[in-house]
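Step one of this worksheet: look at the structure below.
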Amino acid sequence: MKTMMKIHLILLSLLLVSATATGSAWALTAANTQIVNNARLTYDDGSGTPKTVNALPVVVTVTLLPGTPTVTKVADMTTNYTGPNTPLVNSFTITASNTNGPDSYSLTPAIIATTNATGASVTLTSPASPVILGATVVLGGSTATVLVVPADGNAADNQVNGIAQNDWIVVNGDTTHPRQVSAISDNAAGTSTITLASALASGIPGVGVLVAEQQTVTVTVLSGTITTAGTNIVITKQLTIASTTDPTKTANTSLTPTTDTYTSGLATLAKYVRNVTAVPTMTGTGTKYTYNLIDYWPSGITAKPGEVLEYILVANNSGSASVSAAAITDTLPTTYVSLKTGAYTGSTDFTYYNESNVASYLTAASGDDAATYASPTLTINVGTGATFGAGGNIAAGATVRVLYRVTVNP
C-alpha cells in the first residue's frame with residue numbers, strides 16, 4: 001500500500017453559543033438563540049506533523065414558537081351613576097405563556113351584557129393594541145436575583161427578547177409573584193442577564209424555565225343612559241388577547257368576566273298634615289303616616305282660622321346608591337297661613353330628623369343653619385353634610401324628615 005495518510009475527521013456536537021453548561025436538558029430554547037455547528041478535520045499528510053482544517057461555522061437562529069397567552073381580571077368595580085356615560089376604569093393582567101420569545105398580541109375588550117342601560121360602551125385605554133410581550137428562558141448559572149439568559153443577537157436595543165428595564169416578568173408561570181426588572185445586560189452573542197429588583201419567591205430557577213413579560217391592561221367603560229332610576233346598571237365585559245403571529249393562540253376572560261355595577265339613587269318626597277290645636281286626633285283621608293306615635297294625613301284634615309297645623313315632609317331614598325345635594329323646599333300659601341315661629345325646642349322654627357332619627361332644631365333666619373325661610377318659601381338642606389349653602393347626601397334606604405307649623409289666617 002502507498003504511504004497511508006491517516007485522516008481523522010471529528011465532527012463536534014451542536015453547541016448553543018449562549019449556553020455555558022454543556023449537556024443541560026432544555027425545557028425550552030429561546031427564540032433568537034444562535035445554534036452554531038463547528039466542524040474540523042485533523043489529518044496526517046505523511047510529514048509526521050498533524051494538520052487541522054476548520055470548516056466555516058454554520059449558524060442557525062431559533063425562531064418564535066407562538067403560544068397562548070394568559071389574561072386575568074383584577075377586580076369588579078362599583079360606582080354611583082352620576083349621569084349618562086358615567087365612566088369606570090377596569091384592569092386586567094396579560095402574560096406571555098407557552099412561547100419562547102417576544103410576540104405581538106392584539107387586545108380586544110367587549111361588552112357581553114348590559115342591564116338597565118342603553119348605549120353602554122367599552123374602549124381600550126392602555127397600552128395600545130397590538131402590544132409586545134417579551135419572553136426568554138433561564139440558563140445555568142442563574143441566581144434568585146440575576147437570570148442568565150440567551151443573548152438575542154441585538155445589543156443595541158437594551159432589551160433581551162423584548163424584556164427591558166422596569167418591565168414586570170413572571171418566572172416559571174408563577175403569576176402570583178411577578179418581579180420587576182431593575183437592570184439588563186444586553187449582549188449581541190453568548191449570554192445576557194436580567195437583574196430583578198427583588199429575589200424570586202421560589203429561589204434559584206431551574207434551567208430552561210420560561211421568563212415571561214406581564215403587563216397591566218386598562219379599559220374604560222361608559223355606563224350609557226340609565227333605563228330605570230334607583231336600580232343598578234350592570235355591565236358585563238371581557239378582554240380577549242390573541243397572538244398576531246398565530247391568531248389561533250387566543251385567550252379571554254369569558255369564564256370570569258368583569259362586572260361593573262353603577263348604583264343609582266331614587267328620592268321621593270311625601271307631605272302629611274295634622275290639626276294640632278282643635279282636634280289633635282282628627283282623622284283625615286288616604287293612608288296615614290305615623291311618626292313618633294303621632295298620625296299625619298295626606299288629605300281630609302280641616303281647620304278653622306286661628307288653629308295650628310303641623311306638616312311633616314318625608315324624604316326617602318329607595319335607590320341603590322346615595323343621592324347628593326339634597327334640599328327640600330316648600331312654598332307656603334301665605335294668603336291663608338303664616339309660619340308659626342318658635343314652635344319647637346329652644347324657640348326654634350323647624351325640627352329636622354336625620355337618617356338616624358336624631359332631631360336637630362333649626363331657625364328661619366338665613367345663614368345660621370341649614371334652614372331658611374324667605375316668605376313664602378321654606379328651604380332646608382338635608383342629608384349628611386348639609387350646610388346653609390349646600391344639600392347633603394341621603395344614603396340608599398335612608399329617610400329624613402322635616403316638621404314645621406303654620407297658623408291659619410283669620
Side-chain angles (χ1 to χ4, degrees), residues 16-21 24-35 61-72 92-105 127 130-217 241 243-246 249 251:
L16 291 177
V17 169
S18 57
T20 59
S24 296
W26 302 99
L28 286 172
T29 301
N32 301 311
T33 298
Q34 292 181 340
I35 300 176
T61 302
V62 177
T63 57
L64 175 70
L65 178 66
T68 302
T70 61
V71 54
T72 57
F92 301 83
T93 59
I94 55 173
T95 309
S97 183
N98 306 303
T99 186
N100 67 336
D103 198 1
S104 175
Y105 301 89
V131 62
I132 295 177
L133 295 178
T136 186
V137 297
V138 175
L139 299 179
S142 297
T143 69
T145 55
V146 179
L147 307 181
V148 180
V149 299
D152 61 8
N154 183 2
D157 61 358
N158 295 317
Q159 298 182 10
V160 178
N161 264 5
I163 298 174
Q165 185 177 10
N166 298 323
D167 285 348
W168 288 86
I169 61 171
V170 169
V171 178
N172 202 26
D174 187 6
T175 55
T176 59
H177 298 97
R179 291 293 186 267
Q180 191 169 29
V181 177
S182 62
I184 290 287
S185 173
D186 185 20
N187 300 314
T191 62
S192 296
T193 59
I194 299 173
T195 303
L196 308 180
S198 59
L200 295 173
S202 56
I204 298 176
V207 172
V209 302
L210 178 65
V211 180
E213 183 179 359
Q214 183 180 87
Q215 290 195 29
T216 299
V217 176
I241 176 173
S243 166
T244 60
T245 305
D246 181 357
K249 307 299 184 181

Is the closest side-chain heavy-atom distance between [X] and [Y] below 4.5 Å?
| X | Y | value |
| --- | --- | --- |
| I163 | V181 | yes |
| I184 | N158 | no |
| V171 | S202 | no |
| V149 | N161 | no |

Nearest heavy-atom pair of [X] and [Y]: which atoms, and what distance?
| X | Y | result |
| --- | --- | --- |
| A151 | N187 | CB-O, 3.2 Å |
| P66 | D246 | CB-CB, 3.8 Å |
| D186 | A156 | OD2-N, 4.2 Å |
| S192 | V160 | CB-CG2, 3.7 Å |
| A199 | R179 | O-NE, 2.8 Å |
| A30 | P150 | CB-CG, 3.9 Å |

**Report entry** Heavy-atom donor-acceptor pair, N100 side chain to L65 backbone, under 3.5 Å
**Finding:**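 Judged by distance alone, yes, a pair lies under 3.5 Å.
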
Report task. For the pair Q180 (side chain) and N166 (backbone), establish whether a donor and an acceptor sit closer than 3.5 Å, ignoring hydrogens and angles. Result ->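 Flag set: sc Q180 to bb N166 pair under 3.5 Å.
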
Distance, nearest 0.5 Å, that separates [atom1] of [X] from [atom2] of [Y]:
| X | Y | atom1 | atom2 | result |
| --- | --- | --- | --- | --- |
| Y105 | T244 | OH | OG1 | 8.5 Å |
| S243 | L64 | OG | CG | 7.0 Å |
| L210 | N98 | CG | CG | 8.0 Å |
| L147 | T191 | CG | OG1 | 12.0 Å |
| D152 | D157 | CG | CG | 6.0 Å |
| I194 | I169 | CD1 | CD1 | 5.5 Å |

Report task. Walk me through it: do L133 and T95 pass the test side-chain contact (heavy atoms from CB on, under 4.5 Å)? Result -> CA-CA 7 Å; L133 295 178; T95 309; 5.8 Å; no

Requested in this report: Examine the side chains of S182 and T195 and answer whether a donor and an acceptor come within less than 3.5 Å of each other.
Outcome: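 There is no such pair (donor and acceptor under 3.5 Å, judged by atom type) between the side chains of S182 and T195.
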
Report task. State which residues pass side-chain contact (heavy atoms from CB on, under 4.5 Å) with I132; sequence neighbours excluded, sorted by chain then number. Result ->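 For I132, the residues satisfying side-chain contact (heavy atoms from CB on, under 4.5 Å) (neighbours in sequence not counted) are P102, S104.
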
